[in-house]
Amino acid sequence: MQACRPCSSPATGLISSSIAWRNLREHVDGIFDLHLKDLLQDERRCRNMIKEYEGIVLDYSRQRATSCTFKFLLALAKEAGVKEKIDMMFEGKHINKTEDRAVLHVALRAPRTEKIVCDGKNVVPDVWDVLDKIKCFSERVRSGSWVGQTGKVLKDVVAIGIGGSYLGPLFAYTALQTGAELVQLLANVDPIDVAIALNGLCPETTLVVIVSKTFTTQETMLNAKTMRSWLIASVGKEGIAKHMVAVSTNLKLVKEFGLDPDNAFAFWDWVGGRYSVCSAVGLLPLAIQYGFNKVNQFLEGAWSIDSHFRCAPLEDNIPVILGLISIWNVSFLRCPARAILPYSQALQKLTPHIQQVSMESNGKGVSMDGRPLDFHAGEIDFGEPGTNGQHSFYQLIHQVITAVYSPTHVCEPISNHDELMCNFFAQPDALAYGKTWEQAKAEGISDDLIPHKIFTGNRPSLNILLPTLDAYTLGQLLALYEHRVVVQGFIWGINSFDQWGVELGKSLAGKVRVSMNSVRMKGEELKGYNYSTTYLLNRYLKGKTLYKLHKSMLLDVKDKVHLRDIRQLVLLFFFDLIYHTTITSYT
Ligand SMILES: O=P(O)(O)OC[C@H]1O[C@H](O)[C@H](O)[C@@H](O)[C@@H]1O
């Protein structure tokens, strides 16, 4: 077993130049020779790799790691100043340096009596003002005392948002679903998504919630305008206040959009979009659908993990351990892909949400001070609920790629889920042990088939077991993943709170938008694009388009959307593109 070298501060500013990092780099060579089937025989090692907090069990004994690995990883966490960075986060310091902002999503779930200071002000009372407003408003909608312009009770709610203003709420909302839903979430600007959301809805009994942190996101604003026109056509401009509310940090733009500031639910720039589930972004739809009690439990669950994250020693701190496991796999074992596999259908939207939280946060190529990283950072996240995933992409994990690490099995044990649970318990061992030639032979498999039926195993995984799945444990699960991602960013020394790459795409789309408008409205020629883009754009502009249909369907048809018509056109357009692609690739 190797001894830990004493740590020293990184000389170049990158964590990779620290002694702790170098210790791990040397240590990893020895790990490549170990197999999980041998590591799993060491009961003492396995016992040390199981942690429990409030009934949540984390078992990471199927990681390709020894207890020495964890000593080195903990030394790395200390070297990177993880504890100090956690404190700075809770103290409201501007740790999002490129945007000069604090990172305080933890303040969103702080009890009323807590004090969390940002820029000299305790923000907890502001948080609770909005929570009280959500409680009051949601109770009025649920009880039917908030009526629409024509006096009818509201029966449907459409929440429009995208990215963090959609994925997080969708995850929490879906996880708590029990049956009849009042609320639907709409993200895509594709008219078919709008049409599906509006199908069968009546403006007189519909409430629209616009969810956008910035209130400038093109897709959301376009969908919001479409919905506003749809409402006005039935209830008039004066009816909007009864049928439209907003969640945003930008109350000025909310007002300019024509909404009563009383109908706006605020949050703050110290809440990142992908960390905003516990703001009004996620809580308003949850409260309308499930009642404010559930919201409270959800917040309490998240806060229980926040408190654990802040206070538990690094070696027992579950989000820190999870973050270290990620660092180990990505940067040292060079396994950048992670499957997240919840063995619970209710958690079907966990993976898409964590995909954004993780990949947008840690998909960074430079350190906080702008230095290019000389190591692998960031993860590729994918997944499906178990057992669906087993019948889809598991074959590749078992036999082909070694670059997938820690399929994270999250499970909720309920007695009549036994079949599901059998799979949950079988998969980690199947991945770890694989199957040898000798085993296959002993099973009587014929020689020609044996190569297809042997598996090298040694595929690492970790298991998280929840005692149950309710609003409280859901809040815990959310906070565990949020903090895990943050820990990774703290160690890699990157900024997990900005997303300038996304901004690049947005600004290019803005340029195309202007060009498209000039061609359509003024008949101008396209200028300033490369050959390929000019060709494709012209081809699109000449082809059949949903543009006219979109207008007539949503603006003129008051209460019935013709889904069949729109689908037909979407398909025509789609095949147009396939045809086009085929021609280009064969000439
Ligand atoms: O909430 P909004 O301001 O409309 O932003 C919605 C989304 O926009 C972009 O895609 C950002 O990268 C996301 O982080 C954000 O959640």
Side-chain angles (χ1 to χ4, degrees), residues 95-96 98-99 101-105 108 130 158-173 185-190 193-194 197 208-228 244-257 259 264-286 349-365 378-379 381 478 481-482 485-486 489 494-510 512-513:
I95 60 172
N96 173 357
T98 61
E99 294 178 314
R101 287 175 185 168
V103 175
L104 271 181
H105 45 280
L108 299 171
V130 177
V158 181
I160 311 168
I162 202 164
S165 296
Y166 167 72
L167 291 164
L170 183 66
F171 149 64
Y173 185 80
L185 304 168
L186 166 65
N188 205 337
V189 74
D190 183 334
D193 214 18
V194 184
V208 175
V209 185
I210 311 168
V211 187
S212 175
K213 177 177 170 179
T214 54
F215 226 70
T216 57
T217 304
Q218 286 298 331
E219 295 93 324
T220 301
M221 295 326 294
L222 186 54
N223 276 343
K225 282 178 198 156
T226 307
M227 296 295 255
R228 184 178 58 186
M244 234 180 183
V245 298
V247 176
S248 185
T249 58
N250 198 335
L251 298 184
K252 185 170 165 275
L253 288 187
V254 171
K255 196 168 170 204
E256 281 171 26
F257 186 82
L259 295 187
F265 298 83
F267 67 113
W268 306 270
D269 70 0
W270 38 260
V271 182
R274 54 197 173 270
Y275 299 96
S276 66
V277 190
C278 294
S279 72
V281 166
L283 301 187
L284 188 61
L286 283 184
K349 298 296 178 188
L350 171 71
T351 309
H353 175 50
I354 298 310
Q355 212 169 37
Q356 191 204 10
V357 175
S358 161
M359 292 173 78
E360 195 166 83
S361 296
N362 289 338
K364 307 288 160 61
E379 279 161 328
D381 294 297
L478 173 78
Y481 272 95
E482 285 178 347
V485 166
V486 165
I494 58 181
N495 188 353
S496 304
F497 311 108
D498 61 11
Q499 60 284 322
W500 298 105
V502 181
E503 302 305 323
L504 172 69
K506 277 190 191 173
S507 61
L508 288 184
V512 178
R513 197 174 299 119

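On a predicted model such as this, the values are computed, not experimentally measured, just so you know. Atoms within each ligand, like the ligands themselves, are counted from 1 in listed order.
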May I ask you to test the Ile210-Met244 pair for a side-chain heavy-atom distance under 4.5 Å? yes

What protein heavy atom sits nearest atom 3 (O) of ligand 1, and how far off is it? Thr214 OG1, 2.6 Å

Side-chain donor or acceptor of Asn362 paired with backbone N/O of Val485 under 3.5 Å: yes

Any idea which atoms of ligand 1 are less than 4.0 Å away from a heavy-atom of Gln356? 13 (C), 14 (O), 16 (O)

Which of the atoms of ligand 1 are close to Gly164, meaning less than 4.0 Å from one of its heavy atoms? 15 (C), 16 (O)

Which ligand 1 atoms are under 4.0 Å away from a heavy-atom of Gly163? 16 (O)

Of all the atoms in ligand 1, which lie at a distance below 4.0 Å from a heavy atom belonging to Ser165? 1 (O), 2 (P)

Relative to each other, are the rings of Phe497 and Tyr275 parallel, tilted or perpendicular (30° and 60° limits)? tilted

Among non-hydrogen protein atoms, atom 9 (C) of ligand 1 lies closest to Lys506 NZ, 3.5 Å

Say you draw a straight line from CD of Glu360 to CG of Leu167; how long is it, rounded to the nearest 0.5 Å? 9.5 Å

Within a distance under 4.0 Å of any heavy atom of Thr217, pick out the atoms of ligand 1 and give their elements. 2 (P), 3 (O), 4 (O), 5 (O), 6 (C)

Would you mind running through ligand 1 and noting each atom that sits below 4.0 Å from a heavy atom of Gln499? 12 (O)

Ligand-residue contact atoms, ligand 1 with Val502, heavy atoms, under 4.0 Å: 9 (C), 10 (O), 12 (O)

Tell me the protein heavy atom at minimum distance from atom 7 (C) of ligand 1, and give that distance in Å. Ile162 O, 3.8 Å

So, the side chain of Lys213 versus the backbone of Val271: is there a donor-acceptor pair under 3.5 Å, distance only? yes

Any idea which part of Glu360 is under 4.0 Å from ligand 1, heavy-atom wise: side chain, backbone, both or neither? side chain

Would the number of heavy atoms belonging to other residues, nucleotides or ligands and lying under 6.0 Å from NZ of Lys506 be above 12? yes

Please tell me if the side chains of Met221 and Phe257 come closer than 4.5 Å, counting only heavy atoms from C-beta onward. yes

CE of Met359 to CD of Gln356: how many Å apart, nearest 0.5 Å? 11.0 Å

